[in-house]
Amino acid sequence: MKTALITGITGQDGSYLAKLLLQKDYRVIGTVRSYRHANTRNFDYLGIKGDVIIEELDLLDMANIILLLHKHKPDEIYNLAAQSSVSLSYDQPLGTFSFNTISVNNLLESIRLFSPITKIYQASSSEMYGLVEKMPIRIETPMHPVSPYGVSKMASHFMVTIYRESYNIFASNGILFNHESFLRSNNFFVKKIIKSAIAIKNKQQLSLKVGNINVKRDFGYAPMYVDAMWKILQQDKPNDFMICSGKSMVLRDIIEYVFDKMSLNKHLIIEDESLFRPNEIQDIYGDNTKAKEILNWEYNLSFFEVLDMLIEEEIRNDF
Ligand code: NAP
């Protein structure tokens, strides 16, 4: 039986990945920053509460990581813990950069010194690319991040590459584009739109305030993206992969689709410049050919199909 350690297990991806690995008969260790504040609602929802071994871990404290590696001897580590919000990273640039980089450095160094056979997956992000001149974005496309979050992910991405190339560690980056699910936190765009539309329909909210909705993003479905994470660590050699749908959508079209589905008047969508980000990527979509060919990762969903599933799931579980 293989042992996997997942950091950020309480998040959207951590929870779906835990479920997938349990189905594959892994022993799953999930780390939380504090037992007292660990929100295990996602485990209840996925029916995996009690199946995951939860450990408290301060990823900024390398000694803590080393002890955990000794205790559980994981075959694979999936490093998903991060301050993951681009918007919040403008309010907390130093906290975002420090945590998102030092945590990764500590994991890599602990593996190098004390557990070199452990494989590690790093959650890299399309936000590393930022302003690009040519699309679709490919792994080798030059990076020009425009948010503290993007810079933090870029720094970690290249540390992973260095540990792979210089120390022979099995360290791989999954460069994921936006992916959504029912378990997405309420402060992220798609979840916020769907929840607000339901609240407006139920007369609990008057209107929906949004920032710049003329930008385009490449959106996918989280439960299918975590499958790619697992596949990345099952390769013979460590490597980087881009996981995306390959198409971008205007945010306005997403909102209008959700409002149409719920028979809501579009006049209730209020664009508010105070919600605009200081610097915004206009359009972004990636090339998933390498992932499809080498990982045999399959992804053919249109984001309208994903929205249909998410709206239905949100209505069914609205609480
Ligand atoms: P998420 O739902 O925001 O989950 C983030 C996880 O990180 C949570 O478990 C959170 O724990 C933990 N975390 C945050 N700050 C921490 C800290 N200081 N110490 C310890 N743990 C901390 O994110 P996600 O959507 O699952 O994404 C997983 C990873 O993929 C992240 O690294 C994210 O940046 C990256 N990524 C996500 C996307 C996407 O579209 N979802 C795209 C590209 C890359 P708490 O429960 O304690 O807050």
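Order of appearance sets the numbers: ligands from 1, and atoms from 1 within every ligand. For reference, positions follow the sequence shown, starting with 1.
- If you number the atoms of ligand 1 from 1 as listed, the ones under 4.0 Å from a heavy atom of Thr10 come out as 8 (C), 9 (O), 11 (O), 45 (P), 46 (O).
- Here CE of Met224 is found 11.5 Å from CG of Leu20. Values are rounded to the nearest 0.5 Å.
- Residue-ligand proximity, Ser84 to ligand 1, at heavy-atom distances under 4.0 Å covers atoms 1 (P), 3 (O), 23 (O), 33 (C), 34 (O).
- For atom 42 (C) of ligand 1, the closest non-hydrogen atom on the protein side is His179 CE1, 3.4 Å.
- Phe241 carries Lys290 over the face of its six-membered ring, with the cationic atom under 6.0 Å from the centre and within 45° of the normal.
- For the atom pair OG of Ser126 and CD1 of Ile243, the computed distance is 12.0 Å after rounding to the nearest 0.5 Å.
- Checking only distances, Leu80 does come within under 3.5 Å of ligand 1, N or O to N or O.
- Atom-to-atom distance recorded for Asn239:CG and Leu233:CG is 11.5 Å, nearest 0.5 angstrom.
- Considering backbone and side-chain atoms alike, Asn79 places every N or O at 3.5 Å or more from each N or O of ligand 1.
- Below 3.5 Å of separation, one finds an N or O of Gln12 facing an N or O of ligand 1.
- Between Glu314 and Arg184 there is no salt bridge, since no side-chain nitrogen of the basic residue lies less than 4.0 Å from a carboxylate oxygen of the acidic one.
- In summary, of the residues considered (Lys247, Glu180, Arg217), a side-chain contact (heavy atoms from CB on, under 4.5 Å) with Phe303 occurs for Glu180 alone.
- With hydrogens and angles disregarded, a donor-acceptor distance shorter than 3.5 Å links the side chain of Asn42 to the backbone of Thr10.
- Residue contacts with ligand 1 include Lys153, since one of its heavy atoms falls under 4.0 Å from the ligand.
- The protein atom (non-hydrogen) at minimum distance from atom 21 (N) of ligand 1 is Ala81 CB, 3.8 Å.
- Between Leu295 and Trp230 the shortest side-chain heavy-atom distance does not fall below 4.5 Å.
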Practice prompt. With ring-ring contact (aromatic ring centres under 6.0 Å, His included) as the test, would you mind laying out the steps for Tyr225 and Phe177 before giving the verdict?
Written response: CA-CA 9 Å; Tyr225 279 33; Phe177 284 56; 8.8 Å; no
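- Taking every heavy atom of Ser124 and a limit of under 4.0 angstrom, the matching atoms of ligand 1 come to 43 (C), 44 (C).
- Nearest to atom 14 (C) of ligand 1 among the protein's heavy atoms is Ala82 O, 3.0 Å.
- Near Leu176, meaning under 4.0 Å from any of its heavy atoms, are these atoms of ligand 1: 42 (C), 43 (C).
- Using a 4.0 angstrom heavy-atom cutoff, Arg184 counts as in contact with ligand 1.
- Atom NZ of Lys24 is separated from atom NZ of Lys2 by 10.0 Å, given to the nearest 0.5 angstrom.
- The protein non-hydrogen atom at the shortest distance from atom 6 (C) of ligand 1 is Gly8 CA, 3.7 Å.
- The nearest protein atom to atom 15 (N) of ligand 1, hydrogens excluded, is given as Arg33 NH2, 3.3 Å; this is a heavy-atom distance.
- For a threshold of 3.5 Å applied to N or O pairs, the pair formed by Ser185 and ligand 1 contains no separation below that value.
- For atom 26 (O) of ligand 1, the closest non-hydrogen atom on the protein side is Asp13 N, 2.8 Å.
- Here the straight-line distance linking atom CG of Asn106 with atom CG of Asp58 works out to 8.5 Å at 0.5 Å rounding.
- Heavy atoms of Phe188 stay at 4.0 angstrom or farther from ligand 1.
- Given atom 4 (O) of ligand 1, the protein heavy atom at minimum distance is Gly11 CA, 3.4 Å.
- Heavy-atom contacts of Tyr149 reach the following atoms of ligand 1: 33 (C), 34 (O), 35 (C), 36 (N), 44 (C) (cutoff under 4.0 Å).
- Taking distance alone, with nitrogen or oxygen atoms compared against 3.5 Å, Phe99 stays at or beyond that limit from ligand 1.
- Put simply, CE on Met242 and CG on Asp218 are 9.5 Å apart, with the number rounded to the nearest 0.5 Å.
- For the pair Lys261 and Asp308, the salt-bridge criterion is met [side-chain N within less than 4.0 Å of a carboxylate O].
- Between the Ser156 side chain and the Asn100 main chain, a donor and an acceptor come within less than 3.5 Å of each other.
- Taking a cut-off of under 4.0 Å to the non-hydrogen atoms of Ala123, the atoms of ligand 1 that pass are 29 (C), 30 (O), 32 (O), 35 (C).
- Put simply, part of Asn178 is less than 4.0 Å from ligand 1, judged by heavy atoms.
- The distance criterion of under 3.5 Å between nitrogen or oxygen atoms is not met by Gly14 with respect to ligand 1.
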